[in-house]
Amino acid sequence: MMTRGKKWTFYILLMISAVVMFFPTFYAFMVSFMSSEEVMAGKLFPSELTLRNYQDAFDKLPLLHYLMNSFIVSISVTIGQLIVSSLAAYAFVFIQFKGRNALFFLFISTMMIPWEATMIPNFMTIQQFGWINRYFGLTIPFFAMAFGTFLLRQHFKTIPKELQEASQIAGLSRFQFFYKVVLPVSKTSLVTLGAYGFLTTWNMYLWPLLVTNNESVRTVQIGLKQLQAEEIATDWGVVMAGVIVVVIPTLVLLFAGQKQLQKGLTQGAIK
Amino acid sequence: MKKVELRNVCKSYDGPPQVVTNVNVTINPGEFFILVGPSGCGKSTILRMIAGLESITGGQLLIGDQVANSLMPSERNLSMVFQNYALYPHLTVKDNIVFGLHVKKVPKEERKRRCEEVAAMLGLSDYLNRKPRHLSGGQRQRVALARAIVNESPVCLMDEPLSNLDAKLRAHMRAEIRQIQRKLGITMIYVTHDQMEAMTMGDRIMVLNKGEVQQVGHPLDIYNHPANPFVATFIGSPPMNVVDATVAHNQIHIEGIKPIDIMDSQLANKEIIQVGIRPEHISFASKEIEDKRRNIVEVVNVEVLGNETVIAFKLGAGEWMAKWSGQWRVQIGDRIPLEISYDAISVFDKESNELIKSPKVSDLHVFEHEVI
């Protein structure tokens, strides 16, 4: 047990860190209600709560359209990653073939190559396919992910071999075993990977900037940048209003996912 | 119900050392057949070859009258219970039980009926909607059993199904599995390392060691006439005492005890032999017994089990065990008189390890039907 004094110190430190961590978010939220004059004056709280900045953000940009694009792209990438990674991980765990481990390590080693290094060849490929300004260009390059395969492989490896043998005797095909047993048993890891994939894609900036040059499939992160650069003096209130709108889905996902995750994590622990 | 036949079945993993060598056996329809042996003897490998989970590298496997060597596990029409039960953790007990039926596209009504029937038989009716993780070890065991018998497959394989249970529950499940097998008349092939399970459950036992069949037969035949010293020491608890001995002047000479007179001609032309004696066949030498048959030994350990007493004593270089019924208040260090008679011993050939003579003990209580 901690002594009373120690406990106080810990809690005070925790509170200070929480304030420091949360301040930028909080300040962004506050700025989103301020006029430019108030922002320049360096105020912490707005003098009045108006939604004018939000109004402006939606007026200046097709923000809803961008949000929609971001949703479509993020959800496609999430689903694509889940399908590709789980199938690859299944092969690496449940199917015996020569050179399986060597292939896996080769696969994993691609994690060491930074994404930016492969950007140019990827861009050329997408361009050749004529996928510039199309959802395909934004999503398909991210389907195969070494990290996802690795994460799921680790989970699949904890599934007892006997489950596979029992389903072989029951007459399940390989694919039936995959979707009737392996996937349901690995729900926790799939949710984790899904949340991770969604957030990464949602926050992606560089690639969407490269492969889109008009509004049709442009994602919301680039939209935010547009808000910032359109005028000579940036109206930070409007930018922050946009930021808050963009952050909301992420937060929703985090809260929903967290609950799911906690449920999944504690499932096996309690007998 | 189907028979299962193994003809010269061998198994090796890419290389000459064979894990299973030349297994020949016919398991009759409806028989409870037990594969028993120490760990690493190949018993699970044989079972897994029958199931189709391991390939057969030599010989033939027949299920029914069909050669099954290259059939898929699902085509062999059998069910299997695993040591760790292999229940699907995400499915309820009910779904676990009908899982195989679902795959085989048995109609829904039929599935429900069979599931309820089996659940009632195994006392699982109240747990049908629970997940396996909410069940105790014994209940999980029952679910695994239910899943195996609900298929109504003619052959059922079990791989040490009771080894994760505590002793009391194990004894109970032993009886239960035996009863269910009798009731359904399935051909059961059961793997265990526990000679007690083998003795109590099997119609016939196959004793294995280092991938080779040592003996196949009825449990009591194996107990009374073990084919070699390995079987003799493996079956029975405490194990049979086995020592090297020599034959001279129509007597058996064992280090540490007085020579035993040979009463018949079975040991003619033998010089070096192995002598085995079951702990319960060593008898206490009362005062009336002539001195040349009394051996005084020193007690090193005593275990009183309520209705019987296991006494360990030093003899020659080794330690022997005797098991007597009743409660013997013997202390460690006591010197007690014993008698080892010719009728009580088994004799094995030293070179071929074959059984030459099995015991003829009058107090081996054999009760036939006529007595009752």
Side-chain angles (χ1 to χ4, degrees), chain A residues 82 86 89-90 93-102 152-194 259-271, chain B residues 14 44 47-55 71-92 95-106 130-137 139-140 143-144 147-148 150-151 153 155-161 164:
Chain A
L82 286 178
S86 59
Y90 178 81
V93 176
F94 292 104
I95 299 174
Q96 299 279 349
F97 56 89
K98 256 208 169 84
R100 186 170 72 166
N101 284 335
L152 292 180
R153 174 183 177 261
Q154 293 314 100
H155 197 274
F156 289 178
K157 274 178 92 112
T158 64
I159 298 173
K161 266 259 169 308
E162 283 85 357
L163 278 189
Q164 191 188 14
E165 291 171 352
S167 17
Q168 271 175 24
I169 287 171
L172 256 69
S173 67
R174 280 197 166 131
F175 189 67
Q176 279 174 320
F177 174 63
F178 172 68
Y179 79 85
K180 279 191 170 165
V181 180
V182 175
L183 288 189
V185 167
S186 315
K187 213 164 76 188
T188 337
S189 295
L190 293 174
V191 171
T192 315
L193 182 62
K259 211 174 166 193
Q260 256 290 326
L261 274 181
Q262 276 173 348
K263 204 173 128 200
L265 286 174
T266 49
Q267 240 173 14
I270 302 157
K271 261 196 172 176
Chain B
D14 18 84
S44 286
L47 194 78
R48 291 167 59 81
M49 284 196 284
I50 297 173
L53 301 171
E54 295 278 353
S55 61
L71 290 183
M72 296 288 287
S74 56
E75 293 166 342
R76 300 185 183 202
N77 200 8
L78 39 79
S79 56
M80 185 160 174
V81 177
F82 293 86
Q83 187 174 0
N84 64 1
Y85 316 142
L87 301 178
Y88 303 108
H90 60 294
L91 298 178
T92 59
D95 293 335
N96 259 294
I97 294 174
V98 299
F99 191 78
L101 300 181
H102 207 100
V103 178
K104 283 184 185 144
K105 300 204 170 65
V106 174
R130 290 208 197 163
K131 293 268 175 74
R133 65 173 175 277
H134 295 133
L135 300 178
S136 68
Q139 288 164 341
R140 287 180 205 184
V143 178
R147 193 173 67 180
V150 80
N151 279 341
S153 319
V155 180
C156 181
L157 312 177
M158 294 201 177
D159 191 359
E160 307 208 17
N164 289 347

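Keep in mind it's a predicted model, so treat the numbers as computed, not measured.
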Just give me the residue among B:N84, B:L135, B:N151 that pairs up with chain A most often, heavy atom to heavy atom, under 4.5 Å.
B:N84
Check step by step if side-chain contact (heavy atoms from CB on, under 4.5 Å) holds for A:V185 and B:Y88.
CA-CA 8 Å; A:V185 167; B:Y88 303 108; over 6 Å; no
Using a 4.5 Å cut-off on heavy atoms from C-beta on, say whether the side chain of A:L163 contacts that of B:P89.
yes
Take B:F82 and A:I169, measure what side-chain contact (heavy atoms from CB on, under 4.5 Å) needs, and give me the verdict at the end.
CA-CA 11 Å; B:F82 293 86; A:I169 287 171; 4.3 Å; yes
Minimum-distance pair of heavy atoms, taken over all atoms of B:S74 and A:A170
CB-C, 4.5 Å
Begin from the C-alpha positions of A:V181 and B:L91 and carry the test side-chain contact (heavy atoms from CB on, under 4.5 Å) through to its verdict.
CA-CA 9 Å; A:V181 180; B:L91 298 178; over 6 Å; no
If one checks every heavy atom of A:S173 against chain B at 4.5 Å, the contacting part turns out to be neither
Residue pairs passing the side chain to side chain donor-acceptor pair (under 3.5 Å) test where at least one lies in residues 95-106 of chain B, sequence neighbours excluded:
B:T92-B:D95
Okay, B:L101 and chain A: the region with an atom under 4.5 Å from a heavy atom over there is neither
If I measure from the heavy atoms of chain B, does A:K161 come under 4.5 Å with its side chain, its backbone, both, or neither?
neither
Can you sort out the partners of A:Q168 under side-chain hydrogen bond (donor to acceptor under 3.5 Å, both in side chains), two or more places apart, ordered by chain and number?
none
Counting heavy-atom pairs under 4.5 Å with chain A, which one of B:Q83, B:H90, B:M80, B:R147 comes out on top?
B:H90
Using heavy-atom distances under 4.5 Å, tell me whether B:S136 contacts chain A through its side chain, its backbone, both, or neither.
neither
Around atom CZ of A:R174, are there more than 12 heavy atoms of other residues, nucleotides or ligands at under 6.0 Å?
no
